[in-house]
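What follows is a single structure, written as structure tokens, with notes after it.
We name chains A, B, ... by the order of the sequence lines, and we start the count at 1 in each one.
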There are 2 protein chains.
Amino acid sequence: MAKAKFNREEVIDKAIDLFWQHGYSASSMQQVVQATGLKPGSIYLAFENKEGLFREALERYAQKSIARTRKILDSAPSVQAGICQLFEDNIQQSSKEDYCSCFLVKTRLELAAEGNDLHNLASEKLEMMEALFASYLEKEFTPEISQRRATSIMLHIFGIRVYGYQKKSEDRMRQGLREGLPWLPWP
Amino acid sequence: MAKAKFNREEVIDKAIDLFWQHGYSASSMQQVVQATGLKPGSIYLAFENKEGLFREALERYAQKSIARTRKILDSAPSVQAGICQLFEDNIQQSSKEDYCSCFLVKTRLELAAEGNDLHNLASEKLEMMEALFASYLEKEFTPEISQRRATSIMLHIFGIRVYGYQKKSEDRMRQGLREGLPWLPWP
DNA sequence: TAATATTTTGAATGACTATTCAAAATAAAG
DNA sequence: CTTTATTTTGAATAGTCATTCAAAATATTA
């Protein structure tokens, strides 16, 4: 009954859904088996273990996130306008019923024990995001201002990722962002 | 060999340490038994179950947090100066080797599934913190500005609680806070 | 087609999970 | 001291966990 090798990306996408929502510890390989339709042996042959699958899920999520950020920043009328759009997008996400913050942020907090590889991977990707913002801002500002504002953006993104669980908080968040990021061209 | 009833607050403090560091799912009752020296039966008689113990731990953490915030805001030369002091304090915490963010924030993110009681409790306490900041700010600003700035403060606190895992980021965070909260009297 | 290399199967393993409860120990009340 | 109410004990329960592996099925190569 065995079939051709399964579609790796599809399986990783299912793993993203599961791990993102429930976190590492609260997700079981049994749930992975259910979600993917694969048997344990296949999963372990392909990903070695739970940590291996989680790593690939996290990496794929990060890669998609960064690609999407670049796309929005590149297609916006200005870097600043693109950043506004990213924030508005984050706010929209948070108003969904099944909001689950950001996979990278959740992993950074959940697996924060000393030297945990997955925590380190999440942190590395988050630092890449900040560097990305800084490099875009350097088109418009000095390196010093760009760095400072990139950090400020990250603080606000993290803020939204936690604040966003509050119900009916969209307008509050928009006001808070205007207050903290007055140099952006809010609508 | 049975002794007098154990010291409830001491036990809850041990539970705070454990749950705060590892989260709900990654903490086992076996670890609670080890950390407290109590036997399972005693714990279950006193707290009903893991969730009950976690709830009391979270409540005690929140109560201490709010009390500490009030104390700093009350004893500072001004509300604004007190807020600066709170941020500097958060930054100092984040530079410790065993930093674990904020128990309320971690719980809000970990247990975010629909209608989870512990998630709701954490959220409720975090919203109380924002209300607390707003009420203090109303001594100095209009209600509208106070609300907006209280939200901005919460966004920055959440930001620090996530950003703080980055090594050697203290000065970056200070710069980011200055950028986003220019109305505070930074040193 | 035959031989070899991959991949899937899925029950089994042993460790760990939260929780229970009757018995024993202690404290409190009479 | 005696009786009653609390509290502690700690082994036991039933379930779930991540992981393994020999056998079967399929794909690939010769």
In whole angstrom, what separates [X]'s [atom1] from [N]'s [atom2]?
{"X": "B:Phe6", "N": "C:dA27", "atom1": "CZ", "atom2": "P", "value": "15 Å"}
{"X": "A:Leu53", "N": "D:dT19", "atom1": "CG", "atom2": "C1'", "value": "14 Å"}
{"X": "A:Leu38", "N": "C:dT6", "atom1": "CG", "atom2": "P", "value": "19 Å"}
{"X": "A:Arg8", "N": "C:dT6", "atom1": "CZ", "atom2": "P", "value": "16 Å"}

Show the distances under 3.5 angstrom between N or O atoms of the protein and N or O atoms of nucleotides 18-22 of chain C.
unit_1	atom_1	unit_2	atom_2	d
C:dA18	OP1	B:Ser27	O	3.4
C:dA18	OP1	B:Met29	N	3.2
C:dA18	OP1	B:Lys50	NZ	3.2
C:dA18	OP2	B:Met29	N	2.8
C:dT19	OP2	B:Tyr44	OH	3.0
C:dT19	OP2	B:Lys50	N	2.9

Donor-acceptor pair, distance only, cut-off 3.5 Å: does the side chain of B:Ser152 make one with the backbone of B:Arg148? no

Exam field: side chain A:Glu110 to backbone A:Tyr24, donor-acceptor pair closer than 3.5 Å: yes

Test salt bridge (charged side-chain N to carboxylate O under 4.0 Å, His left out) on A:Lys125 and A:Glu59; report intermediate values, then the result. CA-CA 8 Å; A:Lys125 300 299 182 183; A:Glu59 257 158 1; 5.2 Å; no

Audit row: A:Arg55, A:Glu51, salt bridge (charged side-chain N to carboxylate O under 4.0 Å, His left out) steps and yes/no: CA-CA 6 Å; A:Arg55 170 176 298 109; A:Glu51 183 177 337; 3.2 Å; yes

With a 4.0 Å limit, can you tell me whether A:Lys39 has a side-chain N or O closer than that to the phosphate oxygens OP1/OP2 of C:dT8? no

Does either side chain, that of A:Arg161 or that of A:Ser101, offer a donor lying less than 3.5 Å from an acceptor on the other one? no

Any idea how B:Tyr165 and B:Tyr99 line up, ring-wise: parallel (<30°), tilted (30 to 60°), or perpendicular (>60°)? tilted

